Amino acid sequence: MTTASIHIVASPESWIEQAAIDQLHQTAALPGIDAVVGLPDLHAGRGIAVGAAFWSRGLVYPHLVGSDIGCGMGLWRTAMKLRKFRPDTAVRKLHGLEEAWEGDASARLAEAGLPPLPVETLGTIGGGNHFAELLRFEDVFDADLFAELNLDAQMVQLMVHSGSRGLGQAILDRHRTRHSVGALSADTPDCAAYLAEHDDAVRWAELNRAVIADRFLDRLGTEGERLLDICHNGVTPHRGGWLHRKGAAPADKGLVVIPGSRGDMTYLVRPRSGDRADAALHSLAHGAGRKWSRSEARDKLARRFRIADLERTALGSRVICEDRELIFEEAPQAYKDIHQVVHDLERHGLVDLIATLRPLVTYKTRRA
DNA sequence: ATGTCC
């Protein structure tokens, strides 16, 4: 059995935990895996490294995508002018947005051309590292491109990070009862069935982000226009094989936002194509990447900070998170430095920087 | 990650 090539996109000074590297090697040794790429936000996951892309020739591995099929980031321009925006007012209006949506979810599914999939959680953020955030453009690195893309630094922007909720989980669970963590031969009915369900979950997740954005915009009394939507958990056909992305943004689907932690900047980048993009499996970091596990973050930060300390960030933004464990787990200190992560991508010739965005209000969870 | 586990 041959072992796949392993390419890690990071500079020598960027810290990457050994456990994540070990996981890459384990995945590289699976049958049919030809190429493995670790992005600079690489960190250990539950068996599979996060911040990674895996290319196989004739086999599809559902467990390399994981349970949150279709998870990703969307970015909207709101119609709120920055100079009129008051964070206090926004904070007052934002609550209950992780609870069931009152709108007609079935109609939204039908409009999107989706089959009658579960609708109970459509329009809900979920837990973990998911969030919705209001931001403003800060540094503009390429003013011509910024203008050409019709971006507007005068307006408040909205970013949504969420996925397919219980739907993706159910698809992986069903697959696992039959095949465990085994591969599917690409030409089998079981593989076709998984891919069909996977593709539905990807579209459900994209719709979920759109409904979340609608709920936020409604609550804030404004409207929005979607600028981009990017899926970082999924499997797609690529060069006669299958490209699995596990917490890796696509470099071949237009502009990408790479959020830092909830207390740091977000980067808007334009992926480059070419040999270096090929070597990186047309993939990019999907965020800053965890530096500390959730339990480490809780232990270390609960000693040093009160909840109230974490509801305001070093950048002056607000964090709405009524879950006292989650606010420690997701604290900025638990994440790598986003500037270093993006610098590594730039240094490897994978992206051109367009702009940074500064967080204003981050919403995680708050009772209605 | 989880209409999640304690």
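Keep in mind that this is a model prediction, so the values were computed, not measured. Lettering of chains follows the sequences in order, A, B, ..., and the numbering in each one begins at 1.
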message: My understanding is that only residues two or more places apart in sequence, or in another chain, count here; which of them pass side chain to side chain contact (heavy atoms under 4.5 Å, CB included) with V202(A)?
response: I69(A), H198(A), C231(A)
- request: Identify, with sequence neighbours excluded, every residue that meets side chain to side chain contact (heavy atoms under 4.5 Å, CB included) alongside A170(A).
  value: R174(A)
field: Residue pairs fulfilling salt bridge (charged side-chain N to carboxylate O under 4.0 Å, His left out) with at least one residue in residues 149-159 of chain A, sequence neighbours excluded
entry: none
- prompt: In whole angstroms, how far is the C1' atom of dT2(B) from the CZ atom of R174(A)?
  reply: 15 Å
- prompt: Checking all strands, does G45(A) fall into the base, sugar-phosphate, or nothing category for heavy-atom contacts under 4.0 angstrom?
  reply: nothing
message: Considering every strand and a 4.0 Å limit on heavy-atom distances, what is the contact class for G166(A): base, sugar-phosphate, or nothing?
response: sugar-phosphate
task: Determine whether the side chains of S11(A) and S14(A) contain a donor N or O and an acceptor N or O closer than 3.5 Å.
output: yes
query: Which pair of non-hydrogen atoms, one from G128(A) and one from L326(A), has the smallest distance, and what is that distance?
result: O-CD1, 3.5 Å
- request: Determine the contact category for R46(A): base if any of its heavy atoms lies under 4.0 Å from a base atom, sugar-phosphate if only primed atoms, P, OP1 or OP2 are that close, otherwise nothing.
  value: base
message: I need the residues from residues 283-292 of chain A with at least one non-hydrogen atom less than 4.0 Å from DNA chain B; give them sorted by number, or say none.
response: none
query: Who are the salt bridge (charged side-chain N to carboxylate O under 4.0 Å, His left out) partners of R312(A), not counting sequence neighbours?
result: none
Salt-bridge contact K364(A)-E133(A) (side-chain N to carboxylate O under 4.0 Å): no
Give every pair of a protein N or O atom and an N or O atom of nucleotides 4-6 of chain B that lie under 3.5 Å apart, one pair per line with the distance.
none

- request: Can you label the angle between the H286(A) ring and the H161(A) ring as parallel, tilted or perpendicular, going by 30° and 60°?
  value: perpendicular
